[in-house]
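All chains are named by letter (A, B, ...) in the order of the sequence lines, taking the proteins before the strands, and each is independently numbered beginning at 1.
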There are 2 protein chains.
Amino acid sequence: MARTVGSVGTKTFDEVRKAALYLFARHGYASVSMRQIAARVGVQAGAIYNHFPNKQALLSDLLTQHMRELIEACEARPTSKLPLNALEQFVRFHIRYHIDRADEVFIAYMELRNLEPENFREVQVLRQRYERVLRDILRDGAKAGAFEISDAPVAGMAIIAMLTGVNTWFRYGGRLSVSQIEEIYVKMVMQSVGVFEPTALLGALMEENA
Amino acid sequence: MARTVGSVGTKTFDEVRKAALYLFARHGYASVSMRQIAARVGVQAGAIYNHFPNKQALLSDLLTQHMRELIEACEARPTSKLPLNALEQFVRFHIRYHIDRADEVFIAYMELRNLEPENFREVQVLRQRYERVLRDILRDGAKAGAFEISDAPVAGMAIIAMLTGVNTWFRYGGRLSVSQIEEIYVKMVMQSVGVFEPTALLGALMEENA
DNA sequence: TAATTAAATGAACGTTCGTTTAATTATGTG
DNA sequence: CACATAATTAAACGAACGTTCATTTAATTA
């Protein structure tokens, strides 16, 4: 096997992905050498080329794979017909997923510019598909009078930025639990779109984690 | 002059800073070579070392300088005693400043990890001083009953992430003007902390840009 | 005008980079 | 067990990296 991302799922393939993810997230794509990745796997640099044609393919694989899994998980999330509940469910999903996959999320934002044009476009399309989920919830909710927002696209970008920002400061073992953080963000997002009364769903979950 | 950041304010010094800012923002610190920076200035790579001792000092200078100017501008912004107005003024300042200095803001977030420990700490201290401004507004406002927030530190980080996120999508000449974007974000932030009625200040500015 | 200093050049330094190649080892199938 | 194939190693490639340095050029001061 050589010159292509083909040995999917084999032991070394997965270990190379994992090592690259770890190192890219901590030091950045451009600062990490193939030799460093190989050393972390316990192998020589040349061995990586049996699983990935080059360094760029390794980055591209990590990013597109992450975006695909994000979308897949997002489509499998619980969703209500009520815009209000749908938004809350999206927020909970996004916060949880982005805390669980901190490294993947981080490089998906930081290393976009190190993707060659074709790979960049592929990731960009996937990202836009994800952002559209929230934008549609907001648009439908605004149309139904459930939300008080000036502009659904901007509101969507603002909310995603707010939520994803949790990754820049959250660390396990800190002052707040994941559940507590989730509640804080849910409340802020709901309020930001003009929803002030706790919903049944919101109220029940706040009791649960009180 | 050599081996130190000493030729501050000279022509080439400023041009090197500007070229580095431009290139770091677009391609990332690690991906930009001293030769590329020099070429953009119209000079040979060695000439840069008459103004900066090394590449790291160039990055560090850009980041600390940016943070200092941000804090200086922040301290010069209009500020009300009323938490509600103070928050609105902070939001307007932050949005404007971060749209005006897109490149500086971008590298201040993206290239932190490429700073050596000592330089990193310096920038981090400045960043925390800035974040504290918003946190104090939120804390005081919450104490006075002006805001409906669960946790001032988290709310502060969430709001800053939301506002700074404008840099990832805003481009001049787009669908919305800077003023319109400012209004949208002001409204979202005020609502996110539980403020729903347009204030006098908010109302007046919305009229102005209607 | 002469002396001094600053700035820039152009070549070179040692090192590291991503990647390739030939030889060797491991693996799995008849 | 033999044999084919896949995986890995160790060495090497040319290119590019940050940085240094002797020297030249330009500007300033004496």
Side-chain angles (χ1 to χ4, degrees), chain A residues 1-24 26-63 107 111 113-119, chain B residues 1-21 23-24 26-63 107 111 113-116 118-119:
Chain A
M1 186 65 53
R3 307 308 127 209
T4 160
V5 184
S7 55
V8 180
T10 67
K11 182 155 170 289
T12 309
F13 178 89
D14 289 342
E15 284 177 357
V16 168
R17 277 185 102 261
K18 208 172 135 188
L21 173 65
Y22 179 90
L23 292 171
F24 288 169
R26 267 143 203 86
H27 309 295
Y29 172 76
S31 297
V32 173
S33 70
M34 296 297 270
R35 287 172 179 82
Q36 284 176 271
I37 299 169
R40 203 175 158 78
V41 176
V43 101
Q44 294 297 317
I48 296 177
Y49 290 83
N50 288 320
H51 307 281
F52 298 90
N54 50 47
K55 192 184 176 188
Q56 168 74 198
L58 186 40
L59 176 65
S60 178
D61 180 72
L62 286 173
L63 263 56
I107 66 167
E111 306 300 351
R113 60 174 162 193
N114 286 311
L115 286 177
E116 288 164 8
E118 193 178 352
N119 299 327
Chain B
M1 187 63 53
R3 308 304 129 210
T4 160
V5 184
S7 55
V8 180
T10 67
K11 182 155 171 289
T12 309
F13 177 90
D14 290 342
E15 285 178 356
V16 168
R17 277 185 102 263
K18 208 173 136 187
L21 173 66
L23 291 171
F24 289 168
R26 267 143 202 86
H27 309 295
Y29 173 75
S31 298
V32 173
S33 71
M34 295 298 270
R35 286 171 180 83
Q36 283 176 273
I37 298 169
R40 204 176 156 79
V41 176
V43 98
Q44 293 298 317
I48 295 178
Y49 290 85
N50 288 321
H51 306 281
F52 297 89
N54 49 46
K55 192 185 176 189
Q56 169 73 198
L58 184 41
L59 177 65
S60 179
D61 181 71
L62 287 173
L63 263 56
I107 66 167
E111 305 299 351
R113 60 174 163 191
N114 287 310
L115 287 176
E116 288 162 10
E118 194 178 351
N119 298 327

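Contacts of N114(B) classified as side-chain hydrogen bond (donor to acceptor under 3.5 Å, both in side chains), with partners at least two apart in sequence or in another chain: E111(B). Legend: residues meeting side-chain hydrogen bond (donor to acceptor under 3.5 Å, both in side chains) with T12(A), ordered by chain and number and at least two apart, are absent. Scanning for salt bridge (Lys or Arg N to Asp or Glu O under 4.0 Å) contacts around E15(A) gives K11(A), with sequence neighbours left out.
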Dot-bracket notation for DNA chain D is requested: 5' to 3', Watson-Crick or G-U wobble pairs only, both distances under 3.5 Å, with ( ), [ ], | and . as defined. ||||||||||||||||||||||||||||||

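Taking atom OH on Y49(B) and atom C1' on dT20(D), their separation rounds to 9 Å, with Å as the unit. Summarising the geometry, the separation between CE on M34(A) and P on dT15(C) is reported as 23 Å, rounded to the nearest angstrom. We find that NZ of K55(A) is positioned 9 Å from P of dC17(C), with the value rounded to whole Å. Between the P atom of dG18(C) and the OH atom of Y29(A) lies a distance of 8 Å, rounded to the nearest Å. Atom pair F52(A):CZ and dT8(D):C1' shows a separation of 16 Å (rounding to whole Å applied). Distance, E15(A) CD to dA7(D) C1': 13 Å, rounded to whole Å. Going from atom CD of E116(B) over to atom P of dG18(D) covers 14 Å, rounded to whole Å.
Under the 3.5 Å distance criterion, the side-chain polar atoms of E116(A) are left unmatched by any main-chain donor or acceptor of Q56(A). Of the possible polar contacts, one joining the K55(A) side chain to the Y29(A) backbone as a donor-acceptor pair under 3.5 Å is found.
Note on V32(A): only backbone sugar-phosphate atoms sit closer than 4.0 angstrom, heavy atoms only; bases stay farther off.
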Scan the side chains in residues 34-48 of chain B for donor-acceptor partners under 3.5 Å anywhere in the protein, sequence neighbours excluded, and list what turns up.
unit_1	atom_1	unit_2	atom_2	d
Q36(B)	OE1	S33(B)	N	2.9
Q36(B)	OE1	S33(B)	OG	3.4

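For the pair R26(B) and F24(B), the NZ or CZ position fails the cation-pi test of under 6.0 Å to the six-membered ring centre and within 45 degrees of the ring normal.
Atoms CZ and CG, from R17(B) and L62(B) in turn, are 5.0 Å apart once rounded to the nearest 0.5 Å. Taken to the nearest 0.5 Å, the CG atom of L59(A) stands 6.0 Å off from the CD1 atom of I107(A).
Under 4.0 angstrom from either OP1 or OP2 of dA16(D) there lies no side-chain N or O belonging to S33(B).
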Check the interface with nucleotides 8-11 of chain C: list each N/O to N/O pair with the protein under 3.5 Å, or write none.
unit_1	atom_1	unit_2	atom_2	d
dA8(C)	OP1	T12(B)	OG1	2.6
dA8(C)	OP2	H51(B)	NE2	2.9
dA8(C)	N7	N50(B)	ND2	2.9
dT9(C)	OP2	Q44(B)	N	2.5

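For Q36(A), the listed nucleotide lying nearest its side chain is dC17(C); candidates were dT19(D), dC17(D), dC17(C).
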